[in-house]
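Chain A is the first sequence line, chain B the second, and so forth, proteins listed ahead of strands; every chain is numbered from 1.
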Amino acid sequence: MPELPEVETIANGLNKRLAGDRIDSVWFGSKPEPLKSSAAVIARTPEGTRIEQVQRAGKHIVFDLAAKKKDQRQWIVHLGMTGRMLVAAPESELLPHTHLVARLKSGRELRFVDPRRFGRLEVRNSAFEGPGTEPTRISLEDFIALFRGRKTPIKGALLNQKLLHGVGNIYADESLFRAGVRPRRKAGSLTRAEYAKLHDALQEVLKEAIAAGGSSISDYVDADGEEGFFQLRHRAYGRQGKPCLVCKTPIKKIVVAGRGTHYCPKCQR
DNA sequence: ATACCGACCTGTCAGC
DNA sequence: TGCTGACAGGTCGGTA
């Protein structure tokens, strides 16, 4: 489900609510397969482990944990398409597909819910490094270097987490729309001016989406159960058949890199 | 090395 | 009303 702006919103919300709290015990649903590290490893998280901070890295939520001794570790959560991390009162109803519940010292619970089970929770003892570069901070020169010589469609390259981490289907389409670039263009074939436009468009759209709390489509909510509002400002994603907001040409939907792709045939070249 | 394509899961919605 | 198939914010592994 969630891309960079949604994960950022969730991680910030979790950090605000959980930093300084402690994990007392961990409970698993009947089907804990989404948990990449074996459930046993997660269950071994020592009682009283302190949550130092919660941050985003790419599309991952990183919990920095410290036990009483020098045992540094991290929980790395990827929400897949439908994953949610909720902070809830113990008496509040357990949603279907709840795979993990961590009881906290404060009396609240941290819950991992994921109907489609594409999400993952993993325990690490070393600092997590995302697979690619942060799109929010990358320089134009580094951005151009990522795509040089690539024949894959630019949309696919934007989605490739080994290049940029955090960009997903919505923000790939939205940034290509803003930059006026067709999704099927070969990644290595853009002009310098087009790379510059795409670089700026991507950073702009991510920044605006974070400010709006992300895009809520069907079931996305942040750690407080609040919806984001950026879906109201999508210009391409999900607007197939509707008039382009710039030129009124109907927005087209095609498949690129195996994903539904939305673009304006007139504005994007 | 790179690129396509199915697989992984469940839920929802459009169409018949 | 109910069934079937397509599709959904993501990633991985096999094959060409």
Taking the side chain from [X] and the backbone from [Y], do they hold a donor-acceptor pair closer than 3.5 Å?
X        : Y        : answer
A:Thr249 : A:Lys266 : no
A:Arg56  : A:Gly58  : yes
A:His78  : A:Glu122 : no

Within the pair [X] and [N], is there a side-chain N or O less than 4.0 Å away from OP1 or OP2?
X        : N      : result
A:Lys186 : B:dT2  : no
A:Arg120 : C:dT11 : no
A:Arg150 : B:dA1  : no
A:Lys59  : C:dG10 : yes
A:Tyr237 : C:dG9  : yes

Do we see a donor-acceptor contact under 3.5 Å between the side chains of [X] and [Y]?
X        : Y        : value
A:Gln53  : A:Asp64  : yes
A:Ser106 : A:Arg108 : yes
A:Glu134 : A:Thr136 : yes

Distance, rounded to the nearest Å, where A:Asp114 contributes CG and C:dT11 contributes P
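Nearest whole value for this atom pair: 13 Å.
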In whole angstrom, what separates A:His78's NE2 from B:dC8's C1'?
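Atom-to-atom, A:His78 to B:dC8, this comes out as 14 Å.
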Over all heavy atoms of both residues, which pair between A:His199 and A:Leu140 is shortest? Give the atoms and the distance, please.
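Minimum heavy-atom separation between A:His199 and A:Leu140: NE2-N, 3.5 Å.
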Is there a Watson-Crick or G-U wobble partner for B:dC9 with both distances under 3.5 Å, and if so, which one is it?
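Because no pair has both required distances under 3.5 Å, B:dC9 counts as unpaired.
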Could you let me know what B:dA3 is paired to, Watson-Crick or G-U wobble, both distances under 3.5 Å, or none if it's on its own?
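By the stated definition (distances under 3.5 Å), C:dT15 pairs with B:dA3.
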Its contact letters, B for base, S for sugar-phosphate only and - for none at protein heavy atoms under 4.0 Å, make nucleotides 9-16 of chain B read BBS-----
Can you tell me, in whole Å, how much space there is between the C1' of B:dG6 and that of C:dA6?
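Here B:dG6 and C:dA6 have their C1' atoms 15 Å from each other.
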How far, in whole Å, is C:dG14 from B:dC9 if one measures between their P atoms?
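It comes out at 15 Å once rounded to the nearest Å.
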Student check: side-chain heavy atoms of A:Asp114 and A:Leu79 closer than 4.5 Å
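The answer is no, as the side chains (C-beta and beyond) never meet within the 4.5 Å cut-off.
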With ring centroids as reference points, do A:Phe230 and A:His234 lie under 6.0 angstrom apart?
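Yes: the rings meet the under 6.0 Å criterion.
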For residues 157-168 of chain A, which residues have at least one heavy atom under 4.0 Å from DNA chain C?
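Listed by number, they are A:Gln161, A:Gly168.
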